[in-house]
Trainee: 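Below is one structure. I have some questions about it.
The sequence lines fix the lettering, A, B, ..., with proteins before strands; numbering per chain opens at 1. All values below were derived from every heavy atom in this structure, side-chain atoms included, with hydrogens, water molecules and symmetry-related copies excluded.
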There are 2 protein chains.
Amino acid sequence: MLMNVTLRQLQAFRQVAEQASFSKAAERIGLSQPALSATIRKLEETLGVRVFDRTTRQVLLTPEGEELLRLATRMVDEFEAVAGDLQDYLARRRGRVVVAALPTAAAVILPPMIARYRADNPGIDIRMHDGLHGAILEQVRSGAADFGITVEPQDTDEFRFERLLADRMVLVCRPDHPLAGRTAVTWAEMAEHPTVAMSRTTSVRQSMETACAQAGVTIHPLYEASHLATIGGLVGAGTGVAALPSLSLPLLRFAGLASVPLESPVMERGIGIVRRIGRSASVAARGLLAMLALHREPSEADGQGSDGVEVH
Amino acid sequence: MLMNVTLRQLQAFRQVAEQASFSKAAERIGLSQPALSATIRKLEETLGVRVFDRTTRQVLLTPEGEELLRLATRMVDEFEAVAGDLQDYLARRRGRVVVAALPTAAAVILPPMIARYRADNPGIDIRMHDGLHGAILEQVRSGAADFGITVEPQDTDEFRFERLLADRMVLVCRPDHPLAGRTAVTWAEMAEHPTVAMSRTTSVRQSMETACAQAGVTIHPLYEASHLATIGGLVGAGTGVAALPSLSLPLLRFAGLASVPLESPVMERGIGIVRRIGRSASVAARGLLAMLALHREPSEADGQGSDGVEVH
DNA sequence: ATCGATTAATCACCAATGCTTATGAATGTG
DNA sequence: CACATTCATAAGCATTGGTGATTAATCGAT
């Protein structure tokens with residue numbers, strides 16, 4: 001009964017009360033005067049009370065009108081505040097994005113984008129979870145992360161993948177190393193040199209193992225490390241060479257190392273955005289996704305597709 | 001833009017979010033499922049965001065949906081509280097009535113009605129202002145009083161009068177007074193006896209003066225008092241007789257006095273309800289007005305009219 | 001008094017909204 | 001693989017909400 005009262009009506013009512021005139025209020029609201037009359041009449045019908053005593057010369061509130069005005073004011077103010085919040089949220093002035101990403105992606109790709117996104121949308125809280133592939137998928141699945149940045153997942157029923165760039169395994173060595181000048185090196189060749197590697201739990205190490213298996217060679221690392229920087233230090237000290245994804249090279253720049261693409265087999269994995277199918281992205285997330293799409297590097301056999309990230 | 005969001009929509013949204021199902025929510029709301037779908041679609045259109053990710057098997061909130069749910073909940077709760085207040089007000093469970101009345105009316109007519117009204121509507125605050133005719137009109141004019149109880153005002157443009165009962169001037173004396181047994185007494189006869197009277201500012205006194213002037217006699221009261229009880233005491237003590245409105249007799253019952261109608265001229269004034277024209281009565285006031293109308297005493301030349309108070 | 005200006009109510013008419021029933025498409029379940 | 005469930009869509013209809021034109025009332029100024 002009373003629940004049928006509309007915000008429109010309350011606003012109209014408030015305006016009429018404030019202007020003490022139907023015509024003026026109608027003009028201010030952007031409505032014809034008859035329409036406003038009808039609106040108020042309707043309001044009065046649903047309330048069962050006259051809210052204005054009106055003649056052609058004056059419009060003034062009845063006692064119930066007074067009461068209603070207090071309530072309507074409270075109501076409309078409340079709504080406007082709430083609407084403002086939502087407005088902010090939708091306009092990306094408030095909100096949060098959670099990105100789950102592989103450590104290298106988290107370190108190399110995201111920081112500049114995040115910095116820029118942050119500058120554009122100061123109200124948005126960006127959170128980054130770096131983790132391994134499995135953990136990333138889990139977070140995306142559960143919704144704990146808005147999207148992930150990792151390699152392509154197998155499960156195409158649950159995830160949609162959008163490739164951003166290629167990450168190829170390369171050999172890393174000192175600039176004075178015999179292999180340093182080469183345009184390419186095979187895994188078999190690499191196996192003949194002392195090697196350092198990431199620990200077995202990492203996907204980088206697993207890529208290396210896969211490649212070696214395919215090449216029919218075995219590598220026994222002299223050292224294993226779980227941090228990339230350690231690998232960099234070891235290689236820089238001449239302890240050995242390492243097979244690393246090209247994406248991680250920027251992180252090793254400090255060590256002044258050389259890199260050479262590895263082949264036979266070429267180990268290349270596509271790094272991209274992983275999203276949960278059937279779950280739409282938040283407005284805030286969309287902004288970051290769009291930004292990522294712009295920075296996507298044109299890769300082989302990808303030129304014909306659409307240019308932007310599917311924003312659903 | 002955002003202002004077009006409807007309470008219906010918010011409520012529907014809330015219900016769907018709660019039930020995690022369109023069908024269940026539709027049933028609970030009392031709406032067909034397609035109607036509910038349309039409602040949500042409309043909401044999404046005006047917001048420009050999808051609020052539910054829905055398949056035929058599951059319905060769950062998007063990030064914006066989560067946000068909206070918080071706001072919608074707040075909004076709807078607020079409204080329900082406010083609507084409850086108004087509901088109370090309209091149902092006369094809250095409110096206030098201010099009555100301005102002549103002292104005698106305030107003392108004689110109103111108390112029983114107020115007591116009963118109070119019992120029926122415990123939430124309503126009743127306030128009574130007793131004052132003289134002019135003050136009553138002023139309060140009714142300004143809106144300080146919802147209505148007045150007094151004699152008929154001259155100004156028929158501004159006030160509407162509704163007669164409740166007749167108030168006739170009677171002579172009040174001790175039961176053993178020579179005039180006590182009479183069926184009527186003229187003002188001239190009264191003038192031959194020692195008299196006490198109300199002070200000059202009261203309308204009772206003015207009525208007396210008017211009557212004496214018409215009768216061509218003059219009365220010099222032995223005593224003047226501004227309180228009715230004082231007059232009662234004086235008359236009871238045998239100091240003199242007094243001319244008082246019949247309405248005040250109940251107040252003098254304590255003194256055990258006799259009364260005799262005064263004539264030549266008959267001074268009778270109609271006491272009734274005075275309302276401001278063009279100003280509608282509050283719901284709370286209407287209740288009291290209706291009650292007054294019921295207790296109205298059938299007076300001469302009034303039998304053919306409508307029985308209830310015009311409630312407008 | 002009468003005229004003109006102002007203002008709210010009313011009317012006739014049209015567009016848009018909201019609802020219902022019937023139907024279709026998708027997706028788990030036995 | 002049929003079945004049941006569930007949301008979306010379609011078609012038809014009543015209601016609502018809107019506009020412009022007109023009317024009635026009232027105030028102020030001739």
Trainee: Holding to side-chain contact (heavy atoms from CB on, under 4.5 Å), I want the full list of residues that pass it with B:E138, two or more places apart in sequence or in another chain.
Mentor: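 Only B:R141, B:S142 meet the side-chain contact (heavy atoms from CB on, under 4.5 Å) criterion with B:E138.
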Trainee: For nucleotides 24-30 of chain D, just jot down a letter per nucleotide in 5' to 3' order: B, S or -, based on protein non-hydrogen atoms under 4.0 Å.
Mentor: -BBS---
Trainee: Okay, side chain of B:T46, backbone of B:V5: is any donor-acceptor separation there less than 3.5 Å?
Mentor: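 Between the backbone of B:V5 and the side chain of B:T46 there is no qualifying donor-acceptor contact (under 3.5 Å).
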Trainee: For atom CZ of B:R8, decide whether the heavy atoms of other residues, nucleotides or ligands shown that lie under 6.0 angstrom number more than 12.
Mentor: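 Open.
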Trainee: For C:dT6, does OP1 or OP2 lie under 4.0 Å from any side-chain N or O of A:S23?
Mentor: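 Answer no for this pair, as no side-chain N or O of A:S23 is under 4.0 Å from OP1 or OP2.
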Trainee: Would you mind reading off the distance between A:D157 atom CG and C:dA26 atom C1', rounded to a whole angstrom?
Mentor: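 Those two atoms, CG and C1', are 14 Å apart.
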Trainee: At under 4.0 Å between heavy atoms, how does the protein contact nucleotides 9-20 of chain C? Give one character per nucleotide, 5' to 3', with B, S or -.
Mentor: BB-------SSB
Trainee: I'd like to know if the side chain of A:T6 and the backbone of A:Q9 have a donor-acceptor N/O pair within less than 3.5 Å.
Mentor: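 No, the answer is negative, given that no donor and acceptor are paired below the 3.5 Å cut-off.
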Trainee: I need the CG-P distance between A:L43 and D:dG17, as an integer number of Å.
Mentor: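 After rounding, the gap between these two atoms is 11 Å.
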Trainee: Under a 3.5 Å distance rule, please check whether B:D53 uses its side chain to pair with a backbone N or O of A:S280 as donor and acceptor.
Mentor: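 Yes.
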Trainee: Whole-Å distance between D:dT19 C1' and A:I29 CD1?
Mentor: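 So the two atoms are 16 Å apart, to the nearest Å.
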Trainee: Classify the angle between the aromatic ring planes of A:F52 and A:F13 as parallel (below 30°), tilted (30 to 60°) or perpendicular (above 60°).
Mentor: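 It falls in the tilted class, 30° to 60°.
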Trainee: If the threshold is 4.0 Å, N to carboxylate O, is there a salt bridge linking A:E67 and A:R70?
Mentor: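 Here A:E67 pairs with A:R70 in a salt bridge, since their nearest N and O are under 4.0 Å apart.
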Trainee: Once you round it to whole Å, what is the distance between P of D:dA8 and CD1 of B:I40?
Mentor: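 B:I40 atom CD1 is separated from D:dA8 atom P by 9 Å.
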Trainee: What is the separation between atom CD on B:E45 and atom P on D:dT9, rounded to the nearest whole Å?
Mentor: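 Whole-Å distance recorded here is 11 Å.
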Trainee: Less than 4.0 angstrom from a charged side-chain N to a carboxylate O is my criterion; do A:E162 and A:R275 meet it?
Mentor: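 Answer for the salt bridge query: no.
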